Amino acid sequence: MIEAAREAAGEATARDATARDAGTREAGTREAGTREAGTREAGTREAGTREATAREAWRAMLALTFSGEAPSRMHTVCQAFDLTPAALKILLVLSGGPRPMRELVEMFRHDPSYLTSVVDLLERRGVARREPHPTDRRAKTVAMTEEGRRVLAQAQEMLSVPPASLQVLSPDEQQQLLRLLIRVVDAEPTIPTALRPRPVTSPSD
């Protein structure tokens, strides 16, 4: 009887140990699941915050492009050089080299007849000219003239004058803003070279 009691006690102890192990594993599984769920939730919140921040940053850039001084400055420059905004944009693209007419149509998504009228204006102003396509006799390319380079340089000088609102930033903040915007612009390969900002070295560097 004593031996049987010992065996029964041993079996009970073993069952208790097994139950404890099972409970520990279950608790560990629940804890791991909770941590994983928490990590996913935190990642989702972070992704949502990042997207919301990117949207608002883009809204700020759109506000500066379509409101404030930018539209009136563009209007002033176009009047000064007898060009339309579309003509000035094409001139900026041509600063990187001659472009086929069909490429300009695809790039600006204009009706071909409208683009033809814009190129006609550029030719009348003497800032661009049509040339034979180097490989396709049926096609034409558009190239900038020396007068076009002179006009574009003056137009860019006028457009590049910063608005007074930019002075709310300190020189260091302006440097930081420039570095960040250069990184964003570098990620957009279709932006014409003539529009791309250049790094500025401060005197202390």
Side-chain angles (χ1 to χ4, degrees), residues 54-167 169 174 177-200:
R55 282 178 174 272
E56 293 309 308
W58 179 238
R59 280 167 59 89
M61 287 189 277
L62 289 176
L64 291 170
T65 302
F66 295 117
S67 301
E69 280 193 41
S72 60
R73 182 75 61 80
M74 175 66 83
H75 180 72
T76 299
V77 170
C78 288
Q79 275 196 326
F81 298 103
D82 191 23
L83 295 171
T84 63
L88 183 57
K89 290 175 184 177
I90 290 178
L91 205 58
L92 283 164
V93 171
L94 295 179
S95 66
R99 298 296 180 94
M101 285 285 291
R102 60 173 172 266
E103 183 179 327
L104 293 175
V105 170
E106 294 171 0
M107 182 179 298
F108 291 98
R109 301 184 183 276
H110 288 319
D111 182 83
S113 61
Y114 175 73
L115 186 72
T116 297
S117 68
V118 176
V119 174
D120 288 342
L121 170 61
L122 293 173
E123 284 197 310
R124 287 197 303 272
R125 285 286 290 107
V127 295
R129 62 175 176 268
R130 289 178 174 89
E131 297 178 340
H133 193 281
T135 58
D136 188 350
R137 288 183 298 176
R138 298 169 299 176
K140 293 285 186 181
T141 62
V142 185
M144 182 185 290
T145 63
E146 286 302 316
E147 173 65 8
R149 297 189 186 283
R150 185 188 68 81
V151 166
L152 182 60
Q154 292 181 341
Q156 284 186 283
E157 184 64 27
M158 294 175 64
L159 287 170
S160 298
V161 176
S165 57
L166 205 57
Q167 300 308 314
L169 300 179
Q174 291 177 13
L177 176 63
L178 175 59
R179 286 193 294 268
L180 293 174
L181 289 175
I182 286 175
R183 287 176 59 188
V184 175
V185 171
D186 285 347
E188 292 279 359
T190 60
I191 293 178
T193 302
L195 282 176
R196 292 180 176 273
R198 297 182 294 274
V200 176

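Along the sequence shown, residues are numbered consecutively beginning with 1. Here the structure is a predicted model, which means the values were calculated and not measured.
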What residues form a salt bridge (Lys or Arg N to Asp or Glu O under 4.0 Å) with Arg183, not counting sequence neighbours? none
Euclidean distance, Leu122 CG relative to Leu83 CG, rounded to 0.5 Å: 6.5 Å
Applying side chain to side chain contact (heavy atoms under 4.5 Å, CB included), run through Thr76 and Met158 and close with a yes or a no. CA-CA 9 Å; Thr76 299; Met158 294 175 64; 4.3 Å; yes
All pairs passing salt bridge (Lys or Arg N to Asp or Glu O under 4.0 Å) where residues 93-108 contributes a residue, at least two apart: Arg99-Glu103, Arg102-Asp136
Arg129 bridged to Glu131 by N-O distance under 4.0 Å: yes
Which heavy-atom pair separates Ile182 from Pro199 by the least distance, and what is that distance? CD1-N, 3.7 Å
Thr141 vs Pro134 side-chain heavy atoms within contact, under 4.5 Å: yes
Should the pair Arg130-Glu123 be classified as a salt bridge under the 4.0 Å nitrogen-to-oxygen rule? yes
Tell me the closest heavy-atom pair linking Leu94 and Ala128, and the distance in Å. CD1-CB, 4.0 Å
Set of salt bridge (Lys or Arg N to Asp or Glu O under 4.0 Å) partners for Arg59, sequence neighbours left out: Glu56
Minimum heavy-atom distance between Thr145 and Gly126, given as atom pair plus value: OG1-O, 2.6 Å
When rounded to the nearest 0.5 angstrom, what distance separates CG in Leu92 from CG in Leu159? 8.0 Å
Can you run down the salt bridge (Lys or Arg N to Asp or Glu O under 4.0 Å) pairs that involve residues 71-89, sequence neighbours left out, and say none if there aren't any? Glu69-Arg73
Leu88 and Met74 have their tightest heavy-atom pair at CD2-SD, 3.6 Å
Among Val127, Ile90, Leu152, whose side chain to side chain contact (heavy atoms under 4.5 Å, CB included) with Met144 holds? Leu152
Pairs where residues 154-167 contributes a residue and the test side-chain hydrogen bond (donor to acceptor under 3.5 Å, both in side chains) is met, not counting sequence neighbours: Arg150-Gln154
Do you know the tightest heavy-atom contact between Ala87 and Val118? CA-CG1, 3.6 Å
Measure the CG-CZ distance between Leu91 and Phe81 for me, rounded to the nearest 0.5 Å. 10.5 Å
For the CG atom of Asp111 and the OG atom of Ser117, what is their distance to the nearest 0.5 Å? 9.0 Å
Pairwise distance NZ(Lys140) to CG(Leu104) - rounded to 0.5 angstrom: 14.5 Å
Between Cys78 and Thr84, the two heavy atoms sitting closest are SG-C, 3.7 Å
For the CZ atom of Arg149 and the OG atom of Ser95, what is their distance to the nearest 0.5 Å? 7.5 Å
Pairs flagged by side-chain hydrogen bond (donor to acceptor under 3.5 Å, both in side chains) wherever residues 184-197 is involved - sequence neighbours left out: none
4.5 Å side-chain heavy-atom contact, Pro197 and Val185: yes
